[in-house]
K.L.:
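Supplied in structure tokens, the structure appears directly below.
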Amino acid sequence: MKKNLIFLLCLLSSLSTISVKGQEKEVTISVDTLAQHVYMLTGQGGNIGIYVGETHVFMIDDQFDRLSEKLKTTISSLTDRPIAFLFNTHMHGDHSGGNARFNSETVTLVAQDNVRERIQLNLQPKVEAKEISDEDYTKMLPEVTFSQDITFYDGEETIMAFHVHKAHTDGDAMVYFMQNNVLHMGDTYFSERYPYIDLKSGGSIDGFINAQKKALMIINDDTQIIPGHGRRSNKAELESYVLMLENIRTNVQAQIDAGATLEEVKVNASLTKAYDSTNGIGFINSDRFREIIYTSLKK
Ligand SMILES: [Zn+2]
């Protein structure tokens with residue numbers, strides 16, 4: 001168990017490292033057109049949402065620092081309008097690692113209150129170790145934060161961002177483009193793979209399920225969903241994903257009620273068996289997923 005935990009922590013800290021030394025590999029940024037004015041960009045790290053408004057661009061998440069120039073080139077192939085807002089769905093480095101490179105006099109960084117606090121906490125040791133400059137540190141931080149929700153207006157479009165509690169972390173927010181009917185769910189949704197739930201940063205399985213149910217109340221059959229990771233999705237797929245999470249949660253809870261230990265739940269493949277072939281091949285395999293759920297339910 002300990003070995004896996006260490007592996008996970010190492011993997012996570014490398015994910016949130018601003019520049020990964022010696023591991024540079026060619027990353028291609030691909031563009032998916034989801035609606036008239038909304039695109040999904042996929043490269044390495046979390047999926048990016050780009051809304052091209054009447055006069056400016058609204059961007060959601062920015063992957064890693066080292067991909068910033070590539071991302072800027074891709075965005076400028078879609079529009080010559082400047083970015084006005086950069087929204088962070090949460091604090092993980094594969095979603096906010098490019099903040100300093102995008103932040104400028106004319107770009108405003110926006111996120112939920114806890115995102116700013118957690119980025120501060122995560123980066124302070126790096127500032128002290130002189131791995132990042134004071135200037136970059138300041139530019140990494142969201143400049144406008146909100147507690148529950150915030151709304152942006154642009155011509156016909158209304159962009160609603162809302163906080164969901166203790167889901168993937170304690171600072172998650174989703175962003176819904178009402179007219180274009182696109183929802184960016186950040187890491188409260190990993191399509192076609194088990195989700196990572198960052199329990200140490202305030203995430204929980206129950207909050208995760210509740211976040212997805214909240215999304216389902218807002219969207220309709222035609223909504224395009226940008227998940228934090230994985231390919232574009234829709235309401236029907238999200239509905240089956242919620243059922244999957246609820247079933248696995250029920251299975252693990254039954255084991256806890258029967259007195260099972262973490263080790264027993266981790267090796268009990270029957271608890272997730274129905275979903276392993278479709279969801280167990282990503283970053284979180286089925287053992288790790290059972291471990292996350294068990295640990296979350298025992299908290
Ligand atoms: Zn994340």
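Counting starts at 1 for both ligands and their atoms, following the listed order. All values derive from a computational prediction rather than experimental measurement.
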K.L.:
Assess the pair Phe152 and Phe85: is the distance between their ring centroids shorter than 6.0 Å?
P.N.:
yes
K.L.:
So that I can check it, does any N, O or S atom in His92 come closer than 2.8 Å to the Zn ion (ligand 1)?
P.N.:
yes
K.L.:
Enter the distance from Asn210:CG to Thr188:OG1 here, rounded to the nearest 0.5 Å.
P.N.:
11.5 Å
K.L.:
Let me check your reading of the structure: within less than 2.8 Å of the Zn ion (ligand 1), is there an N/O/S atom from Asp187?
P.N.:
yes
K.L.:
Tell me, which N, O or S atom in His90 is closest to the Zn ion (ligand 1)?
P.N.:
NE2
K.L.:
Other residues, nucleotides and ligands only: do more than 12 of their heavy atoms fall within 6.0 Å of CD on Gln253?
P.N.:
yes
K.L.:
Give me the one residue out of Asp198, Asp113, Asp170, Asp172 that meets salt bridge (charged side-chain N to carboxylate O under 4.0 Å, His left out) with Arg118.
P.N.:
Asp170
